[in-house]
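A quick write-up on the structure given underneath.
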Amino acid sequence: MALKKKKNEKKLPIRKVAILTSGGDAPGMNSAIRAIVKAAMWKGLEPYLVYEGYKGLTEGNIKPASNVNVDRFINQGGTFIYSARYPEFKDEKVRLKAKKQLDKMGIEALIVIGGDGSYHGAQLLHTIGVRTIGLPGTIDNDISSSDYTIGFFSALETIVQNVDRIRDTSRSHHRCMIVEVMGRFAGDLATHSGIATGAELIITSEKKYSIKEIIDIVDQQMNKNKKESMIIVVAEHLYDNLDKIAKEIEQKTNVVTRSIVLSQVQRGGAPTGFERYVATQMGTYAIELLCENKSGLAIGFVRNQLVAEPILEALTKPRPKYLEITEKYSKINQE
Ligand code: F6P
């Protein structure tokens with residue numbers, strides 16, 4: 001993938017661009033990296049890969065992308081340039097060190113694929129003179145400036161497939177199953193997966209049910225309404241010990257109850273076709289924006305259109321509320 005000099009090309013505002021992935025990995029990050037590298041080469045820019053997120057950036061773990069055959073990563077889960085949680089990046093001295101690494105290599109721009117924390121890092125780098133563009137990459141879907149984040153739909157698919165399996169076995173044994181799903185503090189995965197699997201109860205941080213309320217619903221569903229099985233989808237970080245809650249439900253209702261935490265399984269696996277479509281378009285758009293001399297922008301997909309807005313605005317937009325639909329579908333599914 002040698003970089004070809006293109007004739008008659010308009011002078012570009014930058015020559016070199018680096019890419020990093022940060023925070024929890026998400027399916028589709030690889031598709032986005034591939035798209036960025038290819039679009040950069042198409043525009044006549046030199047793409048670089050930063051390994052291990054902001055940590056790698058600070059340590060100078062940056063290599064030319066021209067040596068990597070990125071095509072093979074379009075359909076692979078995870079991020080082949082690795083990711084890291086690096087709270088040290090909140091320290092200004094650390095950020096200045098990171099900027100120096102870029103300056104040393106003559107890299108003028110950085111594309112950051114990640115969630116909320118990663119966007120903060122990108123915004124801070126933008127304020128000290130690094131041209132930055134943010135791509136929403138997280139299974140949590142908690143970046144309000146985009147209808148979907150890269151990784152959300154693939155994780156949703158994984159959850160739905162797993163809950164369907166859990167439903168098969170719980171139906172066979174007349175059981176109640178509590179399934180905890182990820183999402184950090186956002187209820188998107190819980191809401192979408194709960195609706196998509198017909199869960200009898202969907203619990204997010206917008207309304208934390210008391211254990212007594214949950215027990216009453218299980219009793220009503222399983223003992224009085226004689227339902228074959230019951231699924232409760234719960235967003236993470238709400239209850240300390242779901243096993244203990246399952247035991248208490250069982251004791252009080254006589255309904256065999258188990259709890260399952262889907263955990264990191266939700267982050268793995270190949271990106272769906274739609275994820276690749278979104279990631280590829282966002283990655284290409286990031287390069288186009290940099291070539292138009294733009295910086296400090298977050299890319300989103302809103303009503304099926306690519307959009308870009310200041311990262312600061314993206315970070316402060318209100319999140320959608322789900323309580324009305326989680327309540328509605330819990331009720332409908334309890335019929
Ligand atoms: O942000 C992605 C995410 O998977 C969240 O849903 C979850 O809370 C967190 O990361 C878990 O992170 P880790 O794998 O570092 O424990």
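Both ligands and their constituent atoms are indexed starting at 1 by order of listing.
By the criterion of side-chain heavy atoms lying less than 4.5 angstrom apart, applied directly or through intervening Ile, Leu, Val, Met, Phe, Trp or Tyr residues, V179 is not grouped with I203; the two fall into different hydrophobic clusters.
Looking only at protein heavy atoms, the nearest one to atom 7 (C) of ligand 1 is E236 OE2, 3.3 Å. Atom 1 (O) of ligand 1 has as its closest protein heavy atom D140 OD2, 2.7 Å. Scanning all protein heavy atoms for the shortest distance to atom 12 (O) of ligand 1 gives R85 NH2, 2.8 Å. The nearest protein atom to atom 16 (O) of ligand 1, hydrogens excluded, is given as Q264 NE2, 3.3 Å; this is a heavy-atom distance.
Where the criterion is an N or O separation shorter than 3.5 Å, residue side chain and backbone included, G183 meets it with respect to ligand 1.
Classification of K247 and D243 as a salt-bridged pair fails, no side-chain N sitting under 4.0 Å from a carboxylate O.
Using modelled atom types, one finds no donor on one side chain facing an acceptor on the other under 3.5 Å when comparing D25 with Y82. With 3.5 Å as the limit, one finds no donor-acceptor pair spanning the side chains of R175 and T257. Counted by atom type alone, Q101 and K104 present one or more donor-acceptor pairs between their side chains at under 3.5 Å.
Per-residue contacts place R184 under 4.0 angstrom from the following atoms of ligand 1 (heavy atoms of the residue considered): 5 (C), 6 (O), 8 (O).
A heavy-atom separation below 4.0 Å is not found between G115 and ligand 1.
Of the heavy atoms in R267, only side-chain atoms (C-beta onward) come closer than 4.0 Å to ligand 1.
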Test log, rule side chain to side chain contact (heavy atoms under 4.5 Å, CB included), inputs I249 and I178: CA-CA 11 Å; I249 295 173; I178 309 173; 3.9 Å; yes
